[in-house]
Amino acid sequence: MPHFFGHDYELFPFQLFSFSHLIMLFLFIFGSILIVMLHTTLKKYEKVFKTILFVSLFLFETLYHVWLYVGGQWNIAFALPLHLCSISLLLCLILLLSNSKLVFQFVYFLGLAGAMQALVTPELFVGFPHFRFFQFFITHILIIWVGLFFVFVNGYVVTKRGMWQSFAFLNAVAVIAFIANIATEGNYMFLAHKPENPSLLDFLGPYPFYILVLECIALVLFFLLYLPWIGRGERK
């Protein structure tokens with residue numbers, strides 16, 4: 001147990017595309033398929049599954065901050081909810097409580113785009129079987145599952161307006177994160193420098209040019225996420 005919650009990262013180093021990493025990716029894909037295939041059954045127990053999603057996200061995020069604080073590792077330079085996936089997690093909690101169609105648009109575009117990239121190339125230093133390993137993958141997987149749940153179970157519709165609103169929201173949050181980086185010497189949303197672990201950002205050029213490339217990539221990803229909805233619009 002002390003090792004499970006410990007802060008000696010060398011005991012459980014994370015390795016990209018290791019067996020444990022691939023298992024988590026498999027569980028993500030398998031669960032996503034189940035949401036699509038069993039959407040009718042999930043609809044019958046909608047409140048139960050929404051409660052499970054909310055409690056799981058809230059619990060794991062709370063335990064993460066408790067773990068940091070108890071270990072003397074909590075730092076304003078990286079622990080504020082200003083990373084893209086932290087913002088998406090908060091949006092998921094709001095969505096599960098409010099069923100807001102506007103918040104759903106943010107979760108769909110920001111959550112799916114950010115969390116999928118994080119699952120493939122995690123900014124993670126601790127591997128299996130550490131608490132942080134499970135917390136990281138479970139929360140990121142659940143962010144995507146919340147978006148899929150509202151699409152396939154609740155029948156929410158993704159709109160072009162929602163895409164542009166999400167892009168504007170992303171840029172507004174980026175401004176806040178940029179200011180926070182200056183104030184805390186942090187690296188929220190990777191706007192100060194690239195992540196230390198290997199990631200897709202390594203192929204996007206040096207600082208600060210990769211930020212402009214990220215803007216373009218974000219817009220492309222949002223458009224790709226919107227593609228399945230072209231022609232369907234508000235008819236559903």
Side-chain angles (χ1 to χ4, degrees), residues 23-66 81 83-120 122 131 133-170 173 221-236:
I23 286 295
M24 299 308 293
L25 292 177
F26 170 78
L27 291 176
F28 156 64
I29 295 172
F30 181 72
S32 301
I33 294 174
L34 286 182
I35 291 174
V36 177
M37 295 181 63
L38 302 178
H39 64 277
T40 303
T41 303
L42 292 174
K43 182 65 178 178
K44 296 178 182 178
Y45 305 97
E46 176 185 340
K47 291 185 179 179
V48 174
F49 283 102
K50 281 185 176 179
T51 301
I52 293 173
L53 290 170
F54 181 91
V55 172
S56 298
L57 283 169
F58 182 83
L59 180 62
F60 274 103
E61 186 66 9
T62 301
L63 287 175
Y64 169 63
H65 287 277
V66 171
H83 289 293
L84 182 57
C85 289
S86 297
I87 296 166
S88 298
L89 189 149
L90 292 177
L91 290 171
C92 284
L93 295 178
I94 295 172
L95 175 60
L96 289 165
L97 286 176
S98 67
N99 295 315
S100 167
K101 293 183 178 180
L102 175 61
V103 177
F104 161 73
Q105 303 293 326
F106 296 161
V107 169
Y108 179 83
F109 287 105
L110 275 69
L112 269 65
M116 283 192 288
Q117 188 273 333
L119 288 175
V120 176
F131 158 75
F133 173 88
F134 290 106
Q135 185 272 338
F136 180 93
F137 280 103
I138 290 174
T139 53
H140 284 80
I141 288 172
L142 290 181
I143 287 171
I144 299 174
W145 284 357
V146 168
L148 296 180
F149 188 93
F150 274 82
V151 169
F152 292 100
V153 178
N154 288 127
Y156 276 41
V157 176
V158 177
T159 65
K160 182 186 294 184
R161 182 179 180 183
M163 179 184 70
W164 289 113
Q165 288 174 327
S166 298
F167 189 69
F169 178 79
L170 173 63
V173 172
L221 287 176
F222 282 15
F223 181 74
L224 291 175
L225 287 170
Y226 175 65
L227 270 180
W229 300 89
I230 291 179
R232 299 174 68 180
E234 303 290 348
R235 291 182 297 169
K236 185 172 180 180

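Pairing each heavy atom of Trp229 with each of Tyr156, the nearest pair is CH2-O, 3.5 Å. The two atoms that bring Leu91 and Phe169 nearest to each other are CD1-CE2, 3.9 Å, heavy atoms only. Shown here for Leu42 and Phe149, the closest heavy-atom pair between the two residues is CB-CE1, 4.3 Å. Contact detail for Ala115 and Ile144: the closest heavy-atom pair is CB-CG1, 3.6 Å. In this structure, Trp145 and Phe28 approach most closely via the heavy-atom pair NE1-O, 3.4 Å. Between Leu25 and Leu119, the shortest heavy-atom contact is CD2-O, 3.6 Å.
The closest side-chain heavy-atom distance from Phe222 to Trp164 is not below 4.5 Å. The shortest distance between side-chain heavy atoms of Lys50 and Phe150 falls below 4.5 Å. Between Val146 and Leu57 the shortest side-chain heavy-atom distance falls below 4.5 Å. Taking the side chain as every heavy atom from C-beta outward, Leu110 and Leu84 approach each other to under 4.5 Å.
We find the CZ-CG distance between Phe58 and Leu96 to be 13.0 Å, quoted to the nearest 0.5 Å. Atom CG of Leu142 and atom OG of Ser88 lie 13.0 Å apart (nearest 0.5 Å). Once rounded to the nearest 0.5 Å, the distance linking OH of Tyr45 with OG1 of Thr51 reads 14.5 Å. One distance of note links CZ of Phe54 with CG of Leu95; it measures 11.0 Å at 0.5 Å rounding. Rounding to the nearest 0.5 angstrom, the gap separating the CZ atom in Phe104 from the CG atom in Asn154 is 9.0 Å. Between the CG atom in Leu27 and the CD1 atom in Ile138 there is a gap of 9.5 Å [rounded to 0.5 Å].
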**OP:** Decide side chain to side chain contact (heavy atoms under 4.5 Å, CB included) for Gln135 and Leu63; before the verdict, give the C-alpha distance in whole Å, the side-chain angles of both, and the deciding distance to 0.1 Å.
**Re:** CA-CA 9 Å; Gln135 185 272 338; Leu63 287 175; over 6 Å; no
Original post:
How far apart are the C-alpha atoms of Leu170 and Phe106, what are their side-chain angles, what is the distance that settles it, and do they pass the side chain to side chain contact (heavy atoms under 4.5 Å, CB included) test?
Top reply: CA-CA 9 Å; Leu170 173 63; Phe106 296 161; over 6 Å; no
**OP:** Given side chain to side chain contact (heavy atoms under 4.5 Å, CB included), test Val158 with Leu225 step by step and report yes or no.
**Re:** CA-CA 9 Å; Val158 177; Leu225 287 170; over 6 Å; no
Subject >> Criterion side chain to side chain contact (heavy atoms under 4.5 Å, CB included) on Glu61 and Leu93, from CA distance to verdict >> reply: CA-CA 11 Å; Glu61 186 66 9; Leu93 295 178; over 6 Å; no
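Under a 3.5 Å cut-off, the side chain of Tyr108 and the backbone N or O of Met163 do not form any donor-acceptor pair. In this structure, Gln105 contributes its side chain and Val157 its backbone to a donor-acceptor pair below 3.5 Å. A donor-acceptor contact shorter than 3.5 Å is absent between the side chain of His65 and the backbone of Thr62.
The neighbour count for Phe167 CZ, taken as heavy atoms of other residues, nucleotides or ligands under 6.0 Å away, is above 12.
Taking the six-membered ring wherever Trp is involved, the centroid distance between the rings of Phe137 and Phe133 falls below 6.0 Å.
For Lys43, the salt bridge (Lys or Arg N to Asp or Glu O under 4.0 Å) test picks out Glu46, with sequence neighbours left out.
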